[in-house]
Amino acid sequence: MSAASASARTCPYMVLRDPAAVREVLHRPDDFSPANALIAVTPLSGPSLRVLQRARFALPPVLASNHTDSHAGIRKVVAGFFTPATVGAFESRIRGIARDAATTAAGLLKADGRVDLVHAVAAHPPAIVMLELLGLPVRDLAKLKAWSLDSLELFWGWPDSERQLELAHSAAEFYGWLRDLVLEAVASPGRNLFGSLAEHGLSTPEICSLGYFLLIAGQETTTQLISTSLFRLAEGSVGFAWDDAASGSTARDLIRHVLATESSVPTWRRIAARDTTFDGGHIPAGAEILLELTGNHSVSEQGPTSYGLAFGSGIHRCLGAKLAELEAAVVVQETAAALQGVRLADPSPEWLRLLSFQAPRTVSVGF
């Protein structure tokens, strides 16, 4: 255990890096609550709050931040859309979407001499897959991607007051779009996640709260995982050759390596729900804890600790873990197969660096 000794200004969290310690915290939800998981890192200003209030923006605890008895039942409903059988049956569709994107990228590369793989192959396939898997209409993908990045920055970044206000307007617009989607889906006769949640008894604000972060995390974190994997592959820094990644087994090994070393979600938060003890020390109620999920693991480790914490652990573990791993491996494989012999064109791109999210913003490659 590493209690942060820096000032609250630089690190207001107790930081845990040891995988065993992180796993223990995640498996003690009564002591270490997820209630702070979705609270903005930078407190929302009055003007930003007013923008959100006018949009009726509300995030009651439903799934990721839910520490009440209702969590298990809601999680069961959501899990029904991510069963191993469902994900497995979707593999051919994932591959078709990935292959189409890779073919388009190859055409752009031939025409222009270089192509940004984040935009061309990493951005839209995860969003298409997620919406289809949840039984929701596939539309407004460019807006969804922009809203997602803005919301991640609003809740996990350090924007100044002017930037925060811009992000709040974006979040309000996204929330309005989402509310309309929820109402449409609940009224739809077909099976979809929002309708199933309504049948379970959730209110519209509760469904919107769950959907707000699920529609972001369900696709943007996979986009980021693909982006980092393609960047490291093209960079040649992870022991995998670009052309070899056209093999499914090599692509899968690459994804697992990145999950263990620098996943798109490297940290997550918990808060001490009551006075408790940990590793022989006293933890006061209200202490905020930052858990390092990846980056401190031996990539040669066998078993779940090598990369399993990238998706959390315990009763709040990511329900889309297998889907994300499959999607990322398939996209990398299809991209490597369609763009043989490419090299990294920009070795120093801008990176997204937030408290709990990271990835290169561009991955430019050429011959």
Side-chain angles (χ1 to χ4, degrees), residues 93-132 138-154 156-157 166-167 170 173-174 177 215-236 242 245-246 251 254-255 258 262-265 323-324 326-354 357-367:
R93 174 62 177 149
I94 294 169
R95 190 167 298 279
I97 295 169
R99 186 167 293 168
D100 288 346
T103 299
T104 300
L108 292 171
L109 178 62
K110 183 177 180 180
D112 301 334
R114 68 166 58 186
V115 62
D116 172 23
L117 298 180
V118 173
H119 177 77
V121 303
H124 286 177
I128 295 170
V129 169
M130 178 198 63
L131 290 168
E132 289 188 359
V138 177
R139 64 188 183 213
D140 299 327
L141 294 182
K143 288 183 177 180
L144 177 60
K145 299 303 292 187
W147 286 329
S148 296
L149 286 171
D150 284 351
S151 287
L152 290 182
E153 184 181 352
L154 178 63
W156 283 275
E166 294 175 1
L167 297 171
S170 172
E173 183 182 5
F174 178 30
W177 177 91
L215 291 195
I216 296 172
Q219 49 83 25
E220 187 57 40
T221 57
T222 304
T223 288
Q224 293 170 10
L225 173 60
I226 294 167
S227 301
T228 300
S229 300
L230 288 171
F231 178 75
R232 295 305 182 201
L233 182 64
E235 186 183 52
W242 178 275
L254 169 66
I255 296 304
V258 172
E262 53 176 340
S263 80
S264 50
V265 188
L323 175 64
L326 172 64
E327 281 186 277
V330 168
V331 171
V332 166
Q333 181 187 2
E334 294 295 334
T335 302
L339 283 73
Q340 290 278 294
V342 300
R343 296 290 183 270
L344 192 61
D346 179 8
S348 301
E350 180 187 353
W351 279 65
L352 175 75
R353 298 286 191 192
L354 305 174
F357 301 92
Q358 63 181 8
R361 292 186 183 273
T362 59
V363 179
S364 181
V365 299
F367 290 117

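Nothing here was measured: the structure is a model prediction, and the numbers come from that model.
- Taken from CD in Glu262 to OG in Ser229, the straight-line distance is 8.0 Å, to the nearest 0.5 Å.
- For the pair Phe174 and Asp150, the minimum side-chain heavy-atom distance is 4.5 Å or more.
- Considering only heavy atoms from C-beta on, Val121 stays 4.5 Å or farther from Val363 through its side chain.
- Of all non-hydrogen atoms in Ala120 and Ala101, the two that sit nearest each other are O-CB, 3.7 Å.
- Here the straight-line distance linking atom CG of Leu254 with atom CD of Gln333 works out to 11.5 Å at 0.5 Å rounding.
- The nearest pair of heavy atoms linking Ala251 to Ala329 is CB-O, 3.5 Å.
- The environment of CZ in Arg114 is sparse: at most 12 heavy-atom neighbours from other residues, nucleotides or ligands sit within 6.0 Å.
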- request: For the pair Phe231 and Leu117, evaluate side chain to side chain contact (heavy atoms under 4.5 Å, CB included) and give the outcome as yes or no after the intermediate values.
  value: CA-CA 9 Å; Phe231 178 75; Leu117 298 180; over 6 Å; no

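- Remark: the backbone N or O of Leu215 is paired with a side-chain donor or acceptor of Gln219 at under 3.5 angstrom.
- Distance check, rounded to the nearest 0.5 Å: CG of Leu344 to CG of Leu233 gives 10.0 Å.
- The OG1 atom of Thr223 lies 9.5 Å from the CE atom of Met130; values are rounded to the nearest 0.5 Å.
- Residues Gln358 and Ser263 share a closest heavy-atom pair of NE2-O, 3.0 Å.
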message: Let's go through Arg93 and Val129 carefully: what are the C-alpha distance in whole Å and the side-chain angles of both, what is the deciding distance for side chain to side chain contact (heavy atoms under 4.5 Å, CB included) to 0.1 Å, and is it a yes or a no?
response: CA-CA 8 Å; Arg93 174 62 177 149; Val129 169; 5.7 Å; no

message: Working note: Ile94 + Leu323, criterion side chain to side chain contact (heavy atoms under 4.5 Å, CB included); need CA distance, chi angles, decisive distance, verdict.
response: CA-CA 10 Å; Ile94 294 169; Leu323 175 64; 3.8 Å; yes

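- Distance check: Leu225 CG to Glu220 CD gives 11.5 Å after rounding to the nearest 0.5 Å.
- The nearest pair of heavy atoms linking Pro360 to Val118 is O-CG2, 3.9 Å.
- The two residues Ala123 and His119 make their nearest non-hydrogen contact at CB-O, 4.0 Å.
- Taking 4.5 Å as the limit, some side-chain heavy atom of Gln224 sits within range of a side-chain heavy atom of Leu152.
- Between atom CZ of residue Arg353 and atom CZ of residue Arg361 there is a gap of 11.0 Å, rounded to the nearest 0.5 Å.
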field: Derivation and outcome, side chain to side chain contact (heavy atoms under 4.5 Å, CB included), residues Leu339 and Val115
entry: CA-CA 10 Å; Leu339 283 73; Val115 62; 4.0 Å; yes

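- Residues satisfying the side-chain hydrogen bond (donor to acceptor under 3.5 Å, both in side chains) test with Asp116, not counting sequence neighbours, are none.
- Proximity of Val365 to Leu230: side-chain heavy atoms (C-beta onward) are nowhere separated by under 4.5 Å.
- In terms of the ring pair (Phe, Tyr, Trp, His ring centres under 6.0 Å) criterion, residue partners of Trp156 (sequence neighbours excluded) are, by chain and number, Phe213, Trp268, Phe357.
- For the pair Phe367 and Leu109, the minimum side-chain heavy-atom distance is below 4.5 Å.
- Considering every non-hydrogen atom in both Ala336 and Ala246, the closest pair reads CB-N, 3.6 Å.
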